Colleague: 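Okay, here's the structure, questions in a sec.
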Protein chains: 2
Amino acid sequence: MRGLGLCSLLLDQGLEQPQAGAHAAITQARRPFEARELLFHQHESLDSLPVICDGWAASALRLSDGRRQILSFLLPGEMITTGLLFEQHLHFSIDAITPGCYRSFDRAQLRAAMFASPTMFDKIALAYNEEKHRADQLITDLGRRTSTERISRLLLDCWDRLEKLGLVEGNSAEFPLRQIHIADATGLTVAHVNKIIGQLREGGLIEISDRALQINDIAKLRRLTI
Amino acid sequence: MRGLGLCSLLLDQGLEQPQAGAHAAITQARRPFEARELLFHQHESLDSLPVICDGWAASALRLSDGRRQILSFLLPGEMITTGLLFEQHLHFSIDAITPGCYRSFDRAQLRAAMFASPTMFDKIALAYNEEKHRADQLITDLGRRTSTERISRLLLDCWDRLEKLGLVEGNSAEFPLRQIHIADATGLTVAHVNKIIGQLREGGLIEISDRALQINDIAKLRRLTI
DNA sequence: CGTAAAATTGAGCTGTCTCAATCAATGTGG
DNA sequence: CCACATTGATTGAGACAGCTCAATTTTACG
């Protein structure tokens with residue numbers, strides 16, 4: 001999964017040179033994780049920026065009574081959040097969805113690299129803007145869209161991201177999300193998510209099985225999206 | 001309103017020197033606006049970063065069928081969004097809530113100033129992080145909190161921000177939001193917002209009248225918040 | 001093979017919406 | 001300074017999207 005997104009950019013920048021001298025410290029060891037593992041807890045203080053190199057994870061906020069809201073899904077190659085460049089504290093938790101691994105990049109060195117390299121700076125600025133844009137879309141989903149619209153949009157959003165990563169083959173792609181993840185991301189209950197997905201399946205739009213998502217009628221699905 | 005937030009920082013940095021030479025262009029003229037005016041439309045391309053100097057505004061996303069989701073309220077002294085430092089296109093619209101005015105700061109010059117001044121950089125990074133944090137909280141509100149919780153939190157959030165601006169006097173503050181704004185920010189309908197606010201009033205927690213918000217039992221209100 | 005996690009389904013229930021009417025406040029032109 | 005027009009607040013009756021709870025089946029995995 002080394003070839004993807006920021007992770008590859010960072011590694012390719014010569015920031016990681018296991019054998020060489022000065023730069024060796026910028027990357028902490030590759031840290032593997034299991035499905036359902038809590039990678040970082042809400043309010044954790046971090047001196048480095050973790051990047052998911054392999055596997056899926058989610059950022060989430062938890063209320064004191066246990067309710068959980070997933071803020072975003074983290075796909076292979078994605079940084080947890082660019083916010084950590086400017087702030088020590090995470091304000092959400094990170095839950096692993098599948099097994100995988102992450103690497104952590106030292107904040108100070110990453111900042112230095114960012115100021116030194118325009119390419120790096122732009123890449124990070126872009127990542128920041130995407131984060132914010134995605135958050136604003138989710139706000140709108142939760143505030144003003146129906147359950148069918150929310151779920152369709154979530155599926156299509158994942159689909160488009162997977163496509164960019166080259167992980168879509170034909171009309172199918174690996175898709176490790178459980179219905180509980182979809183529920184916690186869309187502000188619905190599992191029971192209801194199940195019913196809506198059932199309807200989409202009945203309608204011949206999609207098929208989810210064996211950890212794979214298949215979209216049979218993407219045009220129709222997009223139309224459900226408004 | 002010159003003394004507040006980023007606006008003052010920018011002006012104080014000598015970025016605006018109406019009489020002087022080189023820097024005079026950094027600020028476009030002060031632009032006054034009316035209540036209910038659309039300041040910027042969704043997807044508008046901007047070469048400058050507007051800062052609300054006076055009055056209240058809101059950023060919002062609109063769906064094709066007219067549904068509106070308010071993403072954030074902009075109080076006096078606040079920049080529309082730091083995202084514009086790195087991207088030309090606004091992805092939401094800005095609606096004025098009260099009469100007021102804004103100033104626009106040239107992007108290129110602002111970026112230069114940011115790189116030149118650590119203070120400025122930190123201030124902007126802080127503004128960015130607050131934006132993102134606020135968005136994540138709103139996502140959680142909309143996805144996982146009840147209508148009473150959402151409304152209480154909105155009121156308290158405004159209250160805390162107003163307090164920082166020194167705009168709270170005793171247990172009361174100017175509060176120009178209409179119920180429709182509260183509805184569009186919390187993902188509810190005006191009718192329902194009205195009922196919940198009625199309950200809060202009955203309970204002796206708050207009073208909203210004459211464009212002013214009065215909080216009579218802030219502890220109890222915070223407890224509704226979870 | 002046994003156990004835990006995930007998916008599915010059904011029968012109510014309820015929070016919030018829709019629609020519609022009324023009333024209050026604010027602003028505007030004459 | 002009044003009459004009208006517009007915007008905003010309030011209220012009620014009925015409807016429904018999505019929830020709760022609970023049972024059952026399927027799938028994954030040590």
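Treat the numbers as computed from the prediction; the structure is a model and nothing was measured.
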Colleague: Expressed in angstrom and rounded to an integer, what is the separation of B:His192 atom NE2 from C:dT14 atom P?
Modeller: 15 Å

Colleague: Using atom CG of B:Asn194 as one end and atom C1' of C:dT22 as the other, report the distance to the nearest whole Å.
Modeller: 13 Å

Colleague: Select one nucleotide: of C:dC17, D:dC19, D:dG12, the one nearest the side-chain heavy atoms of B:Leu188.
Modeller: C:dC17

Colleague: Just checking B:Arg150: base, sugar-phosphate only, or nothing, at a heavy-atom cut-off of under 4.0 Å?
Modeller: nothing

Colleague: Is A:Thr189 close enough to D:dG18 that one of its side-chain N or O atoms is under 4.0 Å from OP1 or OP2 there?
Modeller: no

Colleague: Out of B:Leu156, B:Thr225, B:Ile196, which residue meets the side-chain contact (heavy atoms from CB on, under 4.5 Å) rule with B:Ile151?
Modeller: B:Ile196

Colleague: Can you tell me if B:Arg178 touches the phosphate of C:dT26, counting only side-chain N or O atoms and a distance under 4.0 Å to OP1 or OP2?
Modeller: no

Colleague: I'd like to know whether B:His89 forms a ring pair (Phe, Tyr, Trp, His ring centres under 6.0 Å) with B:His43, so could you lay out the CA-CA distance, the side-chain angles of the two residues, the decisive distance to 0.1 Å, and finally the verdict.
Modeller: CA-CA 6 Å; B:His89 292 277; B:His43 304 127; 8.1 Å; no

Colleague: Classify the side-chain pair A:Arg153/A:Gln137 by whether it contains a donor and acceptor separated by less than 3.5 Å.
Modeller: yes

Colleague: On DNA chain C, compare the nucleotides closest to A:Lys195 and B:Asp210; which residue's is nearer the 5' end?
Modeller: A:Lys195

Colleague: Rounded to whole angstroms, how far apart are CD1 on B:Ile196 and C1' on C:dC17?
Modeller: 13 Å

Colleague: Would you mind telling me which of C:dT9, C:dA6, D:dG8 lies closest to the side-chain atoms of B:Arg36?
Modeller: D:dG8

Colleague: Between D:dT6 atom C1' and B:Ile180 atom CD1, what is the distance in whole Å?
Modeller: 15 Å

Colleague: Nearest whole angstrom, please: distance from the P of C:dT16 to the CZ of A:Arg144.
Modeller: 13 Å

Colleague: Is any side-chain heavy atom of A:Leu75 closer than 4.5 Å to a side-chain heavy atom of A:Ile52?
Modeller: no

Colleague: Among D:dG18, D:dA28, C:dC19, which is the nearest nucleotide to the side chain of A:Arg211?
Modeller: D:dA28

Colleague: Check the phosphate of D:dA17 against A:Arg145, side-chain N and O only, distance under 4.0 Å to OP1 or OP2. Yes or no?
Modeller: no

Colleague: For A:Ile197, answer base if it contacts any base atom (sugar-phosphate contacts may also be present), sugar-phosphate if it contacts only those atoms, and nothing otherwise; contact means non-hydrogen atoms under 4.0 Å.
Modeller: nothing

Colleague: For B:Asp65 and C:dT18, give me the distance from atom CG to atom P, rounded to whole Å.
Modeller: 11 Å

Colleague: Rounded to whole angstroms, how far apart are CG on B:Leu142 and P on C:dC17?
Modeller: 12 Å

Colleague: Nearest-Å distance, CD (B:Gln179) to C1' (C:dT16)?
Modeller: 16 Å

Colleague: Would you kindly say whether B:Glu131 and B:Asn129 are connected by a side-chain donor-acceptor distance under 3.5 Å?
Modeller: no

